[in-house]
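Some notes on the structure that comes next.
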Amino acid sequence: MYESVIQDLIEELGQLPGIGPKSAQRIAFHLLDADPEDVKRLAATLVDAKTRVHFCAICFNVTVETECRICADTRRDPAILCVVEESKDVIAIERTREFRGRYHVLGGAISPLAGVGPDQLRIKELLGRLQDGAVTEVIIATDPNLEGEATATYLMRMLMPLGLRVTKLASGLPVGGDLEYADEVTLGRAFEHRTSIGS
Ligand SMILES: [Zn+2]
């Protein structure tokens with residue numbers, strides 16, 4: 001057992017996603033060995049990002065402004081809205097350069113096991129954005145896993161009565177994974193060959 005201050009550091013790092021106990025220990029000792037100025041800069045960057053970054057008032061993507069760069073960009077097509085689970089999915093889709101519309105970030109996926117239902121997601125806000133008729137197509141781009149599929153099914157039920165074109169990314173994405181892990185070519189192709197649902 002290390003002294004408690006070191007143990008605390010290892011435990012904090014171990015709370016981060018994808019960091020197991022061994023990695024947490026390795027990062028902790030790396031930081032303890034590092035130049036104090038470098039560690040101060042890292043700590044300041046963490047606090048700065050956490051303080052300044054919040055959700056876009058329109059699409060709920062992360063931003064430091066009131067509206068994110070994509071919502072503020074007048075060259076983006078206001079008629080097409082792509083619904084994703086997380087901000088990191090926006091980044092993955094932007095990398096493909098296949099999509100010129102705007103986004104709506106749900107803030108997760110329906111997962112009864114994790115206690116996440118439709119009310120915990122920004123579905124009400126999505127329906128609110130569709131009220132004025134400016135959006136004519138909604139692309140559902142949830143993750144190709146159980147939670148993502150459950151969310152897509154729920155969204156389809158909510159969107160079909162609105163009379164818009166509702167599309168879903170073409171199959172071919174690695175099943176069971178996250179959208180963000182799909183390579184650009186595969187994700188780009190899934191966009192290009194997206195399929196209409198229902199009518
Ligand atoms: Zn936005």
Side-chain angles (χ1 to χ4, degrees), residues 17 45-111 114 116-145 147-160 162-170 173 177-184 186-188 190-192 194 196-197:
T45 306
L46 286 172
V47 173
D48 189 38
K50 189 61 194 166
T51 316
R52 291 174 53 212
V53 175
H54 54 259
F55 296 121
C56 169
I58 298 171
C59 75
F60 302 94
N61 189 11
V62 284
T63 179
V64 292
E65 313 289 342
T66 311
E67 289 177 19
C68 76
R69 230 179 295 177
I70 296 169
C71 286
D73 185 349
T74 52
R75 292 165 303 177
R76 306 285 300 214
D77 186 349
I80 314 179
L81 200 61
C82 178
V83 181
V84 296
E85 293 180 19
E86 309 280 357
S87 285
K88 54 189 198 291
D89 301 324
V90 172
I91 296 164
I93 293 168
E94 285 297 290
R95 264 201 310 257
T96 71
R97 299 171 179 275
E98 281 290 334
F99 181 63
R100 296 299 303 157
R102 296 209 170 100
Y103 294 92
H104 188 84
V105 182
L106 293 170
I110 294 173
S111 169
V116 181
D119 291 346
Q120 273 85 52
L121 304 175
R122 299 186 193 101
I123 293 174
K124 240 192 294 108
E125 290 84 346
L126 169 64
L127 297 175
R129 289 182 71 184
L130 302 173
Q131 291 302 312
D132 64 2
V135 174
T136 55
E137 178 183 354
V138 174
I139 304 172
I140 300 175
T142 49
D143 285 346
N145 56 28
E147 292 81 9
E149 286 303 323
T151 310
T153 305
Y154 181 85
L155 287 174
M156 284 174 220
R157 267 214 315 271
M158 303 298 287
L159 296 174
M160 291 314 286
L162 303 181
L164 320 142
R165 183 173 183 224
V166 180
T167 54
K168 200 164 174 283
L169 293 193
L173 294 169
D178 281 1
L179 207 63
E180 51 161 329
Y181 298 138
D183 66 89
E184 282 146 56
T186 309
L187 190 52
F191 250 91
E192 204 184 333
R194 64 185 185 267
S196 281
I197 303 160

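Ligands are counted one by one from 1 in listed order, and the atoms in each one are counted from 1 as well. If you read the sequence from its start, that first residue is 1, and numbering goes on from there.
- Screening residues 116-126 for side-chain hydrogen bond (donor to acceptor under 3.5 Å, both in side chains), with sequence neighbours left out, gives no hits.
- Protein N/O/S atoms closer to the Zn ion (ligand 1) than 2.8 Å number 4 in this structure.
- Taking the six-membered ring where the residue is Trp, the centroids of Phe55 and Phe60 are separated by 6.0 Å or more.
- Under the 3.5 Å distance criterion, with hydrogens and angles disregarded, no donor-acceptor pair is assigned to the side chains of Arg165 and Thr136.
- Each side-chain hydrogen bond (donor to acceptor under 3.5 Å, both in side chains) pair with one or both residues in residues 55-66, not counting sequence neighbours, appears once here: Asn61-Ser87.
- With respect to the salt-bridge test (charged N to carboxylate O, under 4.0 angstrom), the residues Arg194 and Glu98 do not qualify.
- The stretch residues 68-83 participates, sequence neighbours left out, in these side-chain hydrogen bond (donor to acceptor under 3.5 Å, both in side chains) pairs: Asp73-Arg75, Arg76-Glu94.
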